[in-house]
Amino acid sequence: MTASLDTHPDFLQARAWLQAAQRVAVLTGAGMSAESGIPTFRDAQTGLWARFDPAELATEDGFRAQPELVWNWYAERRAAMAHVEPNAGHYAIAAYQQRHPGRLTVITQNVDGLHQKAGSTDALALHGNIFQDRWLDLCFHARHSGRVCAPARAQPDSPPRCPDCGNLLRPDVVWFGESLPPETLHAADQAAQRCDLMLVVGTSGEVYPAAGLAHQARRAGAKVVIVNPHASDLDSIAHLVLRGTAAQTLPTLLCD
Ligand code: BV8
């Protein structure tokens with residue numbers, strides 16, 4: 001963060017709101033992980049993927065139409081994410097949670113697991129986890145046995161398939177057009193309704209219902225503070241916008 005930001009009146013006001021808050025919610029998007037080396041979701045796709053739109057690939061129809069292509073896109077993203085470390089922003093959030101148990105709820109759109117890796121044990125992962133798989137269809141081992149196939153039994157392939165019924169494995173993420181996990185979304189709704197302050201970090205605010213959580217927090221009377229080096233679709237509902245990056249801004253913003 002530039003030296004001017006942490007003496008800027010907006011930054012000082014955001015810190016004052018944070019210190020006064022009983023309940024804080026942090027809504028994060030792909031920009032939260034940018035300084036860990038993970039390209040944001042809407043950064044131009046590079047290499048093989050340059051000609052594909054992520055919003056097309058991250059759909060059930062896209063997977064059913066081209067299972068091998070979509071599986072390989074996720075395999076490449078998983079490989080790129082596997083050795084990535086949380087950045088100072090993730091650690092600042094986790095440290096704040098450890099110093100103030102129960103006061104800050106992490107709500108993330110990210111599927112990279114970096115909040116959890118940094119020590120945020122109860123992060124609400126709205127869009128799932130890229131490192132886990134589940135069956136594409138309801139999978140029965142055989143009509144008679146009624147046993148459900150174990151993903152561990154899937155034959156290695158791209159995508160892996162059940163050896164008995166041909167069902168395909170798919171990444172355990174929420175694709176466009178799919179509902180978010182109800183319990184996770186309910187918990188996020190509650191956190192948005194109850195917080196006194198919502199920090200919105202590293203999201204363009206384009207994807208719903210995740211982005212709607214910031215609107216909910218505002219309507220419920222919370223202060224909304226954005227941390228983002230660029231303009232986002234949520235700027236208009238924020239009380240304050242801190243033009244900085246997650247790793248540069250959060251460690252100073254969240255320190256006691
Ligand atoms: C659903 C997993 C019900 C997969 C993802 C209104 C209500 C409900 C739904 C909709 C609605 N309007 C439209 C919809 C449909 C759709 C949607 O929102 N479409 C958008 C594109 C218009 N929503 C859905 O389909 C959702 N499901 O609503 O279910 C339903 C059921 C049946 C039929 C219909 C509806 C499901 C959405 C979940 C999609 N899955 N991820 C995967 O990862 O492969 S979303 C994907 O986008 C990622 O999770 C990503 O996090 C997310 C959002 O993007 P951002 O995180 O904001 O990332 P982005 O790149 O856009 O921006 C990065 C930001 O970071 C930028 O602002 C940049 O400036 C900033 N930045 C950069 N560097 C830094 C930084 N900030 C800080 N520090 C830095 N260093």
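Atoms within a ligand are numbered from 1 in the order they appear, just like the ligands themselves. Only heavy atoms go into these numbers, but all of them, side chains included; no hydrogens, no water, no symmetry mates. Note that the coordinates shown come from a computational prediction; the quantities given were computed from them, not determined experimentally.
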From Ser33, Ala34, Gly89 - option closest to atom 73 (N) of ligand 1 by heavy atom: Ala34

Closest heavy-atom pair and its distance - Met32, Asn110: CB-ND2, 3.8 Å

Contact check: Thr245 vs ligand 1, nitrogen or oxygen atoms, below 3.5 angstrom: no

From CG (Asn72) to CD (Gln66), nearest 0.5 Å: 11.0 Å

Ligand 1 contacted by Val201 (non-hydrogen, < 4.0 Å): no

Lys117 side-chain N/O to Val84 backbone N/O, donor-acceptor pair under 3.5 Å: yes

For Glu178, atoms of ligand 1 separated by under 4.0 Å from a heavy atom: 1 (C), 26 (C), 27 (N), 29 (O), 36 (C)

Ligand-residue contact atoms, ligand 1 with His230, heavy atoms, under 4.0 Å: 69 (O)

Backbone or side-chain N or O of Met32 under 3.5 Å from ligand 1 N or O: no

Distance filter under 4.0 Å to Glu206 heavy atoms, resulting ligand 1 atoms: 18 (O), 20 (C), 22 (C)

Any N/O pair Gly202/ligand 1 closer than 3.5 Å: yes

Residues Asp10 and Arg243 bridged, charged N to O under 4.0 Å: no

N or O pair under 3.5 Å between Gly244 and ligand 1: no

Distance, nearest 0.5 Å, that separates CZ of Arg218 from CD1 of Ile237: 7.0 Å

Spatial distance of atom CH2 (Trp175) from atom CG (Asp61) [nearest 0.5 Å]: 10.0 Å

Nearest-0.5 Å distance that lies between atom SG in Cys195 and atom CD in Gln22: 12.5 Å

N/O separation below 3.5 Å, Trp175 to ligand 1: no

Enumerated ligand 1 atoms positioned under 4.0 Å from heavy atoms of Gly177: 24 (C), 25 (O), 31 (C), 32 (C), 33 (C)

Closest to atom 66 (C) of ligand 1 (judged by heavy-atom distance), picking from Thr40, Asn110, Asn228: Asn228

Parallel, tilted or perpendicular: ring planes of Tyr208 versus His215, cut at 30 and 60 degrees: tilted

Student check: side-chain heavy atoms of Leu199 and Leu254 closer than 4.5 Å: yes

Polar contact flag for Trp73 and ligand 1 (N/O pairs, less than 3.5 Å): no

N or O contact, Ser232 vs ligand 1, cut-off under 3.5 Å: no

Nearest heavy atoms of Asp196 and Ala21, plus distance in Å: OD2-C, 3.7 Å

Distance filter under 4.0 Å to Pro209 heavy atoms, resulting ligand 1 atoms: 28 (O)

Contacting atoms of ligand 1, where contact means under 4.0 angstrom from a heavy atom of Pro229: 74 (C), 75 (C), 76 (N), 77 (C), 78 (N)

Closest to atom 23 (N) of ligand 1 among Tyr74, Phe176, Tyr208 (heavy-atom distance): Tyr208

Distance-minimising heavy-atom pair for Leu253 and Leu18: O-CD2, 3.2 Å

Proximal ligand 1 atoms for Gly29, defined as those under 4.0 Å from one of its heavy atoms: 56 (O)

Plane angle bin for His90 and His115 - parallel if under 30°, tilted between 30 and 60°, otherwise perpendicular: perpendicular

Subset of ligand 1 atoms that lie under 4.0 Å from at least one heavy atom of Ser179: 29 (O), 31 (C)

Val207, Val111, Val227, Val174: member with heavy atom nearest to atom 4 (C) of ligand 1: Val174

Test of proximity, Ala30 against ligand 1: N or O pairs below 3.5 Å: yes

Co-membership, hydrophobic cluster, residues Met198 and Ile226, 4.5 Å side-chain: yes

Heavy-atom nearest option to atom 41 (N) of ligand 1, drawn from Arg77, Glu35, His127: His127

